[in-house]
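Input: a single structure, listed below in structure tokens.
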Amino acid sequence: MALKVDNLEGNELADDYIRKSVPQGRWADAWDVFKSNFLKFVLLNLVVFVTFVPGIAVMFIRSNYYLASLGLTGPFNPSLGYPFNPDTVGLSESITLSADILFYSLLIAAGFIASIGISGAAYSIKKILNTHGECTVKGFFHGIKVCYFTTVLPVTLFMTFFFCTTIVGDWMNLVIVTGGNKAAAITAYVFVIIATVLVGLFSGWLFAVGTGYKVKFTQLFKNAFVLLVGTPLQTVLMAGFTLIPVWLFMIGGLIRTISYVLFVFLGFSFILLSWTAYTQWVFDMFVTPNLKAAAQAENSVKTEKQLAQERAEEQRRTAMELLAAGRSELIARPIMPIASEPAVRIPAMTFTRTDINAAASDRAKLTADVTAYEQAHINDPVYAEYNKLFAERERALQSETGKKGKKAKKISADNLLK
């Protein structure tokens, strides 16, 4: 499918580094970068994990304190006997619903804090990937500055839909237990799950475009949608691969314990690295690079002296090209006028070897006459002045230093013939 991605060309978000060319395939290069910068990915993961602590605390309090304490009070207390056991049908589901409304709302708020670590780590990992290892603390905070808004936006969008999925699921359980319309509740739950998955994929592209390129708000949504629709199968498969740490966490048992360790030391970095490598591969295929912008980015790290030297050299090359293009052989050298009679006899329809020899002799004589005419008139004023003009310009371009160490006049495209 042909993609039409707007406003990405030449606007790559790379303020403090210059992207290097990939020496091999994108995935092989990502693997090499991962192996050679393993410690950096671990450090970035620890920073991201710290920003996730508020969200982890919210879920821990919900499960281990709030809901657990309710199980030991009121009608749920097993020590209470008849007649203190009222009808508790749907009560547990109602409590879970109210608790999830509270704690998952707090989880959305915790996403604002988590976005701090995600934005800085995402920019740093993109920088490591594009420069083959360059990463600094200053670059991490620069990533927070330029990528926080485009990170918190997709995070909040996805967490809002995740909140809705959880609440609808709790409501479905309550409806089923209390004997309500099960079909409607289950249908609503299925649709909200599908919507959350689609919004999750869209948020991934929203995050990739926002942290990769400088775009306007409307173009951010448009380009994310175009890239999602243009690469549906690849996006689904890559999202599944990227979320391997999450799938391990959902298995349970010993695997869940391993996933805890993975998330603390490498899980977040693995997700960001995998998704960044994939989206960068898509960008390289569908986004046309702007060579002028790349040259400007390269010039941004050069000194004023280096830029001045390059401009002077460019002027000199331009002047030489104009000089070469401007010298006309019709004016620079004398050309013998065309005679009224043919200088070379043209053989008839039938000819002999004698006729061929005569024509060859005429051509040799004509060549000699042209050379003699040129030598005889080469010093005529019209030719001498013209050649002198270009000879002076050539000498000036060959060296900017004149006699006795005095600096000669600079020759450029503007004053070539002045």
Side-chain angles (χ1 to χ4, degrees), residues 13 44-60 62 100-126 140-167 192-225 227-228 235-236 238-240 242-247 249-250 263-264 266-280:
L13 191 58
L44 287 172
N45 194 86
L46 292 173
V47 174
V48 177
F49 179 77
V50 170
T51 61
F52 268 76
V53 168
I56 296 173
V58 167
M59 299 309 297
F60 183 81
R62 170 193 173 273
D100 286 347
I101 292 175
L102 171 63
F103 284 97
Y104 279 90
S105 298
L106 293 176
L107 193 62
I108 295 177
F112 285 82
I113 301 176
S115 297
I116 297 174
I118 296 174
S119 59
Y123 186 84
S124 298
I125 288 176
K126 181 168 70 77
F140 178 86
F141 287 101
H142 179 73
I144 297 175
K145 177 182 177 182
V146 298
C147 298
Y148 179 76
F149 174 75
T150 52
T151 298
V152 75
L153 178 64
V155 168
T156 304
L157 178 64
F158 174 72
M159 290 305 301
T160 301
F161 272 79
F162 184 72
F163 168 82
C164 294
T165 301
T166 303
I167 301 306
V192 75
I193 289 177
I194 295 174
T196 302
V197 171
L198 293 177
V199 169
L201 296 174
F202 176 74
S203 298
W205 274 115
L206 203 64
F207 170 74
V209 175
T211 56
Y213 289 86
K214 301 175 183 178
V215 292
K216 296 180 180 178
F217 185 76
T218 55
Q219 292 297 331
L220 177 64
F221 280 84
K222 179 180 178 181
N223 290 330
F225 179 77
L227 288 165
L228 173 60
T235 297
V236 171
M238 196 59 214
T242 300
L243 296 176
I244 286 178
V246 178
W247 309 140
F249 176 79
M250 295 175 65
F263 264 113
V264 171
L266 205 60
F268 300 110
S269 293
F270 175 83
I271 292 173
L272 290 173
L273 175 63
S274 302
W275 188 249
T276 300
Y278 164 67
T279 54
Q280 197 68 60

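On a predicted model such as this, the values are computed, not experimentally measured, just so you know. Sequential numbering from 1 along the given sequence is applied to the chain's residues. Atom set for the values below is all heavy atoms of this structure, side chains included, hydrogens, waters and symmetry mates excluded.
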For the atom pair NZ (K126) and CG (L273), what is the distance rounded to the nearest 0.5 Å?
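So the gap between those two atoms works out to 13.5 Å.
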Any donor-acceptor pair under 3.5 Å from [X] side chain to [Y] backbone:
X: W275; Y: G204; result: yes
X: K222; Y: F217; result: no
X: S119; Y: I116; result: yes
X: Y104; Y: T166; result: no
X: T150; Y: C147; result: yes
X: N45; Y: G267; result: yes
X: T51; Y: V48; result: yes

State which residues pass side chain to side chain contact (heavy atoms under 4.5 Å, CB included) with [X]; sequence neighbours excluded, sorted by chain then number.
X: V58; answer: F103, L106
X: S115; answer: Y148, T151, V152, V155
X: V264; answer: L46, F49

Check the pair V199 / F162 against side chain to side chain contact (heavy atoms under 4.5 Å, CB included), numbers first and verdict last.
CA-CA 9 Å; V199 169; F162 184 72; over 6 Å; no
List the residues meeting ring pair (Phe, Tyr, Trp, His ring centres under 6.0 Å) with F263, not counting sequence neighbours, and say none if there are none.
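Per chain and number, F263 pairs via ring pair (Phe, Tyr, Trp, His ring centres under 6.0 Å) with F268.
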Contacts of F163 meeting ring pair (Phe, Tyr, Trp, His ring centres under 6.0 Å) (sequence neighbours excluded), chain-then-number -> none
Are F202 and W205 near enough that their ring centres are under 6.0 Å apart?
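No, they do not, as the ring centres are separated by 6.0 Å or more.
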Centroid-centroid under 6.0 Å between F221 and F225 rings
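Between F225 and F221, which both carry aromatic rings, the centre distance is not below 6.0 Å.
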Which residues share a side chain to side chain donor-acceptor pair (under 3.5 Å) with T279, sequence neighbours left out:
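Listed in chain order: nothing, the list is empty.
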Stepwise side chain to side chain contact (heavy atoms under 4.5 Å, CB included) test for L220 and Y213:
CA-CA 9 Å; L220 177 64; Y213 289 86; over 6 Å; no
Please name the pair of heavy atoms, one in P54 and one in A110, separated by the smallest distance, quoted to 0.1 Å.
C-CB, 4.2 Å
Minimal non-hydrogen separation, L272 against A122, with atom names
CD1-N, 4.0 Å
Mind running side chain to side chain contact (heavy atoms under 4.5 Å, CB included) on F161 and L198 for me, showing each step along the way?
CA-CA 10 Å; F161 272 79; L198 293 177; over 6 Å; no
Any non-hydrogen side-chain atom of R62 less than 4.5 Å from a side-chain atom of D100?
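Side chain of R62 against side chain of D100, heavy atoms only: contact under 4.5 Å found.
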